[in-house]
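Reading through the structure tokens given below for one structure.
Quick caveat: nothing in here was measured; it's all calculated off a predicted structure. Within every chain, numbering begins at 1; the chains are lettered A, B, ... in the order of the sequence lines, protein sequences first and strands thereafter.
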Number of protein chains: 2
Amino acid sequence: MYCLLKCAPLILAVAVCHGWLFGDFVGKQKELDEISLWPLPQKFQSSAVAFKLSPASFQIVHAKQSSAGPSCSILVNAFRRYFEYMFGDLKKHEKSRKKVYDSDLAELQVWITSADPECDGYPSLQTDESYELSVDEPSAVLKAANVWGALRGLETFSQLVYRDDYGANNINKTDISDFPRFAHRGILLDSSRHFLPLKVILANLEAMAMNKFNVFHWHIVDDPSFPYMSRTFPDLSQKRKGAYHPFTHVYTPSDVKMVIEFARMRGIRVIPEFDTPGHTQSWGNGIKGLLTPCYSGSSPSGTFGPVNPILNSSYDFMTQFFKEISTVFPDAYIHLGGDEVDFSCWKSNPDIQKFMVQQGFGTDYSKLESFYIQRLLDIVAATKKGYMVWQEVFDNGVKLKADTQIHVWKERPQYQDEMAKVTAAGFNALLSTPWYLNRISYGQDWVNIYKADPQNFTGTDAQKKLVIGGEACLWGEYVDATNLTPRLWPRASAVAERLWSDKSVTDVGNAYKRLVQHRCRMVKRGIPAEPLFVGHCRQEYMGL
Amino acid sequence: MYCLLKCAPLILAVAVCHGWLFGDFVGKQKELDEISLWPLPQKFQSSAVAFKLSPASFQIVHAKQSSAGPSCSILVNAFRRYFEYMFGDLKKHEKSRKKVYDSDLAELQVWITSADPECDGYPSLQTDESYELSVDEPSAVLKAANVWGALRGLETFSQLVYRDDYGANNINKTDISDFPRFAHRGILLDSSRHFLPLKVILANLEAMAMNKFNVFHWHIVDDPSFPYMSRTFPDLSQKRKGAYHPFTHVYTPSDVKMVIEFARMRGIRVIPEFDTPGHTQSWGNGIKGLLTPCYSGSSPSGTFGPVNPILNSSYDFMTQFFKEISTVFPDAYIHLGGDEVDFSCWKSNPDIQKFMVQQGFGTDYSKLESFYIQRLLDIVAATKKGYMVWQEVFDNGVKLKADTQIHVWKERPQYQDEMAKVTAAGFNALLSTPWYLNRISYGQDWVNIYKADPQNFTGTDAQKKLVIGGEACLWGEYVDATNLTPRLWPRASAVAERLWSDKSVTDVGNAYKRLVQHRCRMVKRGIPAEPLFVGHCRQEYMGL
């Protein structure tokens, strides 16, 4: 048998205190339960005054003063999406009730204030995602500089709507002024250890938008498989063992486009990672001579190591390859990897040994690694892209462009020290160490995920400002379409709030209460987010 | 970044040796990969001679000598189910190709040998699940004493079919003689901590049949909720907080019937657990006075403890309640729980204190617990049902019927000692301790699950024979419809093989290789079984 009362590892009795936030809500527990904003907005004022919303008459409209109009497909798509989240399938609601009563909220006006609403643009690291939302009769007003802030505000508005005891849609008088604490709030998915069907990627982009994430870090290829279908080098995925299967287990150019557009519609950047010189076993099948031949004694063993750093052909290939990548992916950044280079194969190879002597590297193979990375960075810089790299590249002292983003992931030495070092050197830093969500343990592990803070290290204010955010990483060894989504959500939601909300939002009891409701909201919207603990959702997941 | 090569916790290179089993298969790796029987049959001989199966002409038929015929719905349903597993949707295959070629396998004849095929019966602890399967031209023959063995054999036959390089269905010449090592091979699901929609329960019964499990231990109610809708005491689920919701979060009598019938069709027994006197918080909402009022000093605190053992009304209720249960559930056994009784509430109550004195129990509250259980067992025995209990009931020295099944679950003292004690006392023992699959850890935890053996304790042969099997338990604190199925499968498959196959089947490398294929087979059949490690399935899961 299994004990509930004795073994429950955490938070059984949740003592919640939201007085400071929800001052007007004392004695209104019911509405509060329903609201449960996630992530918590920066500034929030609400009152017990409630308005009714009728699906038959309520509208989301462009404000008259707005620089965006009906041709702004990002907003039109978002209006439809959020209307459906709030009221269900449009078709179910006959437009029979036209009269708007006094106590009704008639509409939400979306007001884009800057001259260019960016309807056809892409979000970027510099994007202003702030918004202001005022819910009052007869209209609610959502004000943002551009579509990206409007998307965040629409999510918040949809979270404010709740059903009363009669099943009627309500929203309370509310004022919100909101903006993200960090500019880079990402999720890494790994489509190499296991191929992830498009459907799974799109569903997770949906869930990301519900949590105000704005970067999809697509770790698209790695040792086990190369599912990215390259136009320039189709053999990379088409040759045996490049991709798991050349038709069923690849992302075609059209698939990639769809992912990027689907993400754009939700204010999410897509940053692809093409990790070299290590983690490239799958590249070797399609490109002869790209990888280093390993030696056993004086003859080649038949196995291969990292990209061969001593051949011009390797750099010619990278030049062409990253030229394609820089065109296919619109984001200003590419993740170049650069982690975990195993030197044993390089060490075994006599040509590499000779090269080491020529270059005066002695026996320090990290110098050879840096030599490769340096040339690669120059190649990528020529495409006008910025780059992200894993922390080893910085640790090895490679010369980096000033705007390089260093991705911290190692547990040792303490990640706080690494964050301090990276920022002391003047580089942008991104944190992932405490957010390797592929690692699982029994019980409520979201609490430690929630408690980690990327600015929690010893450093100056200037250093802290160089922290641009973080990413939750779900490496693919043990996940595929069968279990990825519930393993990621709502654990990644804990990261979402850490990266969006104010630094002071750290009350685990309050977070638990809101997150329970938020995960039920995700379930209602079709995302199989797993439960935090014992309990139920009004509407349980209806898939399998 | 995340390392594949350095951190892979287990079994990267799988050195497989199946010479002893698949002697004829040397150099035929391809077919072997496809076959991957799970759980491994007791006796198995195969050859490289392959026959083709045409979905347009192949048939599963009753053998002429069979005691079962077209009116045997269990078999008719199973023929259809396995035909679809092997060849996909029936409708897709036009019956255009009638001619049977020489190299074809024309049919599978199912031959039930005993006079009563048990078409309308229920499986039981005594059921003979053995079968013999011979695949040779022109017909394969599956021979079993009754439908239950035939179901197991049909699963095996379906696992033998594989596709060759041309996509054609093949099966090799094979002889199998098979039977389970243990008679009780169960899965426990908990529908109280989280409500499990019917769809989830049925899907898991499907998966159980694919793994030759034969007992669904339905831990249907517990402290958090009472979703079982009782005809005699409807208030148990209908009153506020009995079930999570009286309509959407209950199992109606019709739902329960459907579960039992769906399970019967797959040779699976349904054993409900109604755990008392502890774990009964949810019972108290519907039945006034059933639970013990706890005291704070000299006055009731307003909270309640276990079932009140000193009132005749408690026993009157149990008499009526278990009379219903014994009718609703056809199985010969009911699980009565009896675990983890917290004495603090009893100790606080002055009426209970008085009763303890009257009975001469001193301050030993385990005597009071035994007093309750003893009366409960008498009540249930009067319904002619056998019972299963958690080990505490045995540990406390309650007088038990000879055929009582003691369910071992505690980690301390070592479960091996408990298994030895229980069997030394002459009782049937069931093991679950190493198979609490709700407990998760990072990496390939199926290996330790696989290695545990219920007969691995010090005892006589007679004692070993009293071990009737075991159960994989998935307690519901952290699982619901969103994540239950991939968390259970294929980890529970490791338990399935341990309980079915010969004791000597312990090669983890060989098991890994077969289990990888078996989980892909489950995925292909619509079960979102999670991956064991890096890799892919020919057909990935298409749900979300």
Query - chain A interface, residue from B/C473, B/A529, B/A203, B/P197 that has the most non-hydrogen pairs under 4.5 Å - result: B/A529

Query raised in the report: Below 6.0 angstrom between ring centroids: does that apply to A/H219 and A/H335?
Result: no

Query raised in the report: chain B: which of A/D190, A/I440, A/T248, A/L484 shares the most heavy-atom pairs with it under 4.5 Å?
Result: A/I440

Query raised in the report: Which answer fits A/V479, side chain, backbone, both or neither, if we ask what part of it has an atom under 4.5 Å from a heavy atom of chain B?
Result: backbone

**Report entry** Winner by heavy-atom pair count (cut-off under 4.5 Å) against chain B, out of A/S432, A/S192, A/G278, A/A481
**Finding:** A/A481

**Report entry** Contact class of A/H194 relative to chain B, heavy atoms under 4.5 angstrom
**Finding:** both

Query raised in the report: Between B/H249 and chain A, which part of the residue has a heavy atom less than 4.5 Å away: side chain, backbone, both or neither?
Result: side chain

Query raised in the report: Heavy atoms, side chains only, cut-off 4.5 Å: are A/L532 and A/W446 in contact?
Result: yes

Requested in this report: Check side-chain contact (heavy atoms from CB on, under 4.5 Å) between A/C294 and all other residues, then give those that pass, not counting sequence neighbours.
Outcome: A/S301, A/T303, A/C345, A/S348

Query raised in the report: Should B/D480 and B/R487 be marked as a salt bridge (charged side-chain N to carboxylate O under 4.0 Å, His left out) after you check the CA-CA gap, both sets of side-chain angles, and the distance that decides it?
Result: CA-CA 10 Å; B/D480 68 3; B/R487 189 156 295 181; over 6 Å; no

Requested in this report: Among A/H245, A/H536, A/H407, single out the residue with the greatest number of heavy-atom pairs under 4.5 Å to chain B.
Outcome: A/H536

Report summary line: When the 4.5 angstrom heavy-atom criterion is applied to A/L196 and chain B, the contacting part is neither

Query raised in the report: Is a donor on one side and an acceptor on the other found under 3.5 Å between the side chain of A/K199 and the backbone of B/M542?
Result: yes

Query raised in the report: If you count heavy-atom pairs under 4.5 Å between each of A/S441, A/P528, A/P486, A/G535 and chain B, which one has the most?
Result: A/G535

Report task. Can you spot which of B/E392, B/E418, B/Q391 makes a side-chain hydrogen bond (donor to acceptor under 3.5 Å, both in side chains) with B/W409? Result -> B/E392

Query - side chain to side chain donor-acceptor pair (under 3.5 Å) partners for A/N204, two or more places apart - result: A/T485, A/W489

**Report entry** Heavy-atom proximity to chain B below 4.5 Å, by part of A/E540
**Finding:** side chain

